[in-house]
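All remarks here apply to the structure that follows.
Just so you know, these numbers come straight off a predicted model, no measurement behind them. Letters A, B, ... mirror the listed sequences (proteins, then strands); counts begin at 1.
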Protein chains: 2
Amino acid sequence: MTKAKHRQEKDAPINEEALRQVIELMFFAYRDFTAEPDAILAEYGFGRAHHRVIYFVGRNPGIAVNQLLDTLKITKQSLARVLRQLVDEGFIEQRTDAFDGRRRLLYLLEKGQRLEQKLTERQARLIARAYEEAGVGAADSFRAVLRCIINSDDRSRVGGDILAREEREG
Amino acid sequence: MTKAKHRQEKDAPINEEALRQVIELMFFAYRDFTAEPDAILAEYGFGRAHHRVIYFVGRNPGIAVNQLLDTLKITKQSLARVLRQLVDEGFIEQRTDAFDGRRRLLYLLEKGQRLEQKLTERQARLIARAYEEAGVGAADSFRAVLRCIINSDDRSRVGGDILAREEREG
DNA sequence: CATATATGTCAACAAGGCTGACATATTTTT
DNA sequence: AAAAATATGTCAGCCTTGTTGACATATATG
């Protein structure tokens, strides 16, 4: 137990040891959070990269390739590889935008929807159980803190709002 | 706004949309949580794998290679690569265990401690700011939920308690 | 018509996971 | 003492998923 640090912030009563613990908790929690999906994806010969694409396309039907790149913050080539597989194997469909023929809008096909649901269900169940175990009211705080950890620019991407966001800001 | 789902669990009042949002929040939050350390590590020619090793060795001075493998849940070879670099470049020291000559106990050297502090400081600051922004009391709930997401087996590893844990359970 | 934009694709590279095999030192068991 | 188990190190090679830079094509826009 180190003695209270000389308050550098105005009056932050935040325990240093507790902060250290959160760093570890984030590591373990994220690993367990992705473990089940990873195992399911492996059966399809997919990885976490495929999961992200399937998830965000499912959440934002009709998202364009560039919007997806902006969201995932990976390079065109990284996306191309996994997207190609997903399209070739019938999980995702690309339709040319009627208003701008250069754009390819992405949609989940039925096969993709089934996989997406399967993956999301597992993760949702894990969170739901954690909420129950952690006690009522913990859910809102949990979400609030997560949201505050996120770069303000990305906060508006949460909630399947990427397409609308583009119209507002882009 | 979908209408309330037919409660499949006993009486779980958990909003499905909220759960979906958490999935996204976890993705963005973890990415931003690791972004700053990643940038610092890159200056040293290191990656996230090095960070994990430095962190857990710093948190558990005298941890053995096997304990580190169990904690990180990676293979010997994956660890060997980054550990070799860290030892060669003077960030980590290996001492033979006096009680069991087969074991190599790991310690941070001064160089390693400095880097560890630098990295931890950034992450702690990010969390601390999020707590302030999210409001008082959010911290405890946040930690509680994270802990509940974690596999019960790993919960006892949080808090720099890996060495003691080994004595208790191993 | 010139330029900018959205996308696709090729080649090559790096980090960090993985496997399996094998060597060595040391401890524990028989 | 011999045998077996344990802890570690190392070699070779593979995969996924990130990276860069270059170039091609279609479409939109000034």
Side-chain angles (χ1 to χ4, degrees), chain A residues 27 30-31 34-35 37-39 41-57 62-89 92-106 163 166 170, chain B residues 27 30-31 34-35 37-39 41-55 57 62-88 92-106 163 166 170:
Chain A
F27 167 66
Y30 195 75
R31 187 171 66 186
T34 51
D38 283 354
L41 290 155
E43 297 169 15
Y44 294 76
F46 293 155
R48 206 173 291 178
H50 301 83
H51 187 183
R52 291 183 192 130
V53 172
I54 285 182
Y55 183 86
F56 281 104
V57 170
I63 190 173
V65 173
N66 254 345
Q67 295 176 309
L68 195 49
L69 286 175
D70 279 354
T71 303
L72 299 176
K73 290 204 176 75
I74 56 174
T75 56
K76 201 167 40 160
Q77 177 66 331
S78 288
L79 175 59
R81 238 169 348 213
V82 298
L83 187 54
R84 190 99 304 278
Q85 279 182 275
L86 290 169
V87 169
D88 287 349
E89 299 184 31
I92 284 183
E93 181 191 27
Q94 294 176 296
R95 292 187 219 145
T96 299
D97 185 355
F99 304 107
D100 184 340
R102 294 169 302 181
R103 305 175 102 203
R104 301 296 144 78
L105 308 187
L106 305 174
L163 284 71
E166 191 82 346
Chain B
F27 167 67
Y30 196 76
R31 186 171 67 185
T34 52
D38 284 354
L41 290 155
E43 296 169 14
Y44 293 76
F46 293 155
R48 207 173 289 177
H50 303 81
H51 187 182
R52 291 182 192 129
V53 171
I54 285 183
Y55 183 85
V57 170
I63 190 173
V65 173
N66 255 345
Q67 296 176 309
L68 195 50
L69 286 175
D70 279 354
T71 303
L72 299 175
K73 289 203 176 71
I74 57 175
T75 56
K76 201 165 43 159
Q77 178 63 331
S78 290
L79 175 60
R81 241 173 342 218
V82 298
L83 187 53
R84 189 100 301 277
Q85 278 183 277
L86 292 168
V87 169
D88 287 350
I92 285 184
E93 182 192 26
Q94 294 176 295
R95 293 188 218 146
T96 299
D97 184 355
F99 304 107
D100 183 340
R102 294 169 301 181
R103 305 174 103 204
R104 301 296 144 79
L105 308 186
L106 306 175
L163 284 71
E166 190 83 346

Measure [atom1]/[X] against [atom2]/[N] and give the value in whole Å, please.
{"X": "B/F46", "N": "C/dA14", "atom1": "CZ", "atom2": "P", "answer": "17 Å"}
{"X": "A/I74", "N": "D/dT16", "atom1": "CD1", "atom2": "P", "answer": "16 Å"}
{"X": "A/L69", "N": "C/dT7", "atom1": "CG", "atom2": "P", "answer": "8 Å"}
{"X": "B/L79", "N": "D/dA7", "atom1": "CG", "atom2": "C1'", "answer": "13 Å"}
{"X": "B/L83", "N": "D/dG9", "atom1": "CG", "atom2": "P", "answer": "7 Å"}
{"X": "A/R81", "N": "C/dT7", "atom1": "CZ", "atom2": "P", "answer": "19 Å"}
{"X": "A/R104", "N": "D/dT25", "atom1": "CZ", "atom2": "P", "answer": "14 Å"}
{"X": "A/L68", "N": "D/dT17", "atom1": "CG", "atom2": "C1'", "answer": "15 Å"}

### Query
With a 4.0 Å cut-off on heavy atoms, is A/Q94 in touch with a base, just the backbone sugar-phosphate, or nothing at all?
sugar-phosphate
### Task
With DNA chain D as reference, determine whether A/K76 or A/D97 sits nearer its 5' end, using the nearest nucleotide of each.
A/K76
### Query
Starting at the 5' end of DNA chain D and moving along, which residue's nearest nucleotide shows up first, B/L105 or A/Q85?
B/L105
Using a cut-off of less than 4.0 Å, is there contact between a side-chain N or O of [X] and OP1 or OP2 of [N]?
{"X": "A/R52", "N": "D/dG18", "value": "yes"}
{"X": "A/S78", "N": "D/dT19", "value": "yes"}
{"X": "B/T75", "N": "C/dC18", "value": "yes"}
{"X": "A/N66", "N": "C/dT5", "value": "no"}
{"X": "A/H50", "N": "D/dT16", "value": "no"}

Closest approach to the side chain of [X], judged atom by atom: which nucleotide of [options] is it?
{"X": "B/Q77", "options": "C/dG17, D/dG13, D/dG9", "value": "D/dG13"}
{"X": "B/R102", "options": "D/dT20, C/dG17, D/dA5", "value": "D/dA5"}
{"X": "B/R103", "options": "C/dT19, C/dG17, D/dA7", "value": "D/dA7"}
{"X": "B/V65", "options": "D/dT8, C/dT7, C/dT27", "value": "D/dT8"}
{"X": "A/R84", "options": "C/dG8, D/dT8, C/dT9", "value": "C/dT9"}
{"X": "B/A80", "options": "D/dT10, C/dG17, D/dT20", "value": "D/dT10"}

### Message
The test is ring-ring contact (aromatic ring centres under 6.0 Å, His included); show your working for A/Y30 and B/F27 and say whether it passes.
### Response
CA-CA 9 Å; A/Y30 195 75; B/F27 167 67; 8.0 Å; no
### Query
Is the shortest heavy-atom distance from the side chain of A/L106 to the side chain of A/V87 under 4.5 Å?
no
### Query
If we only count heavy atoms from C-beta on, is the B/Q67 to B/R103 side-chain gap below 4.5 Å?
yes
### Query
How are the rings of A/H50 and A/F46 set to each other: parallel, tilted or perpendicular (split at 30° and 60°)?
parallel
### Message
What I want to check is whether an N or O donor and acceptor connect the side chain of B/R48 with the base of D/dG18 at under 3.5 Å.
### Response
no
### Query
Would B/R48 and B/D38 pass as an ion pair if we require N to O under 4.0 Å?
yes
### Message
Within this structure, what is the CZ-CG distance for the pair A/R104 and A/L83, rounded to the nearest 0.5 Å?
### Response
11.5 Å
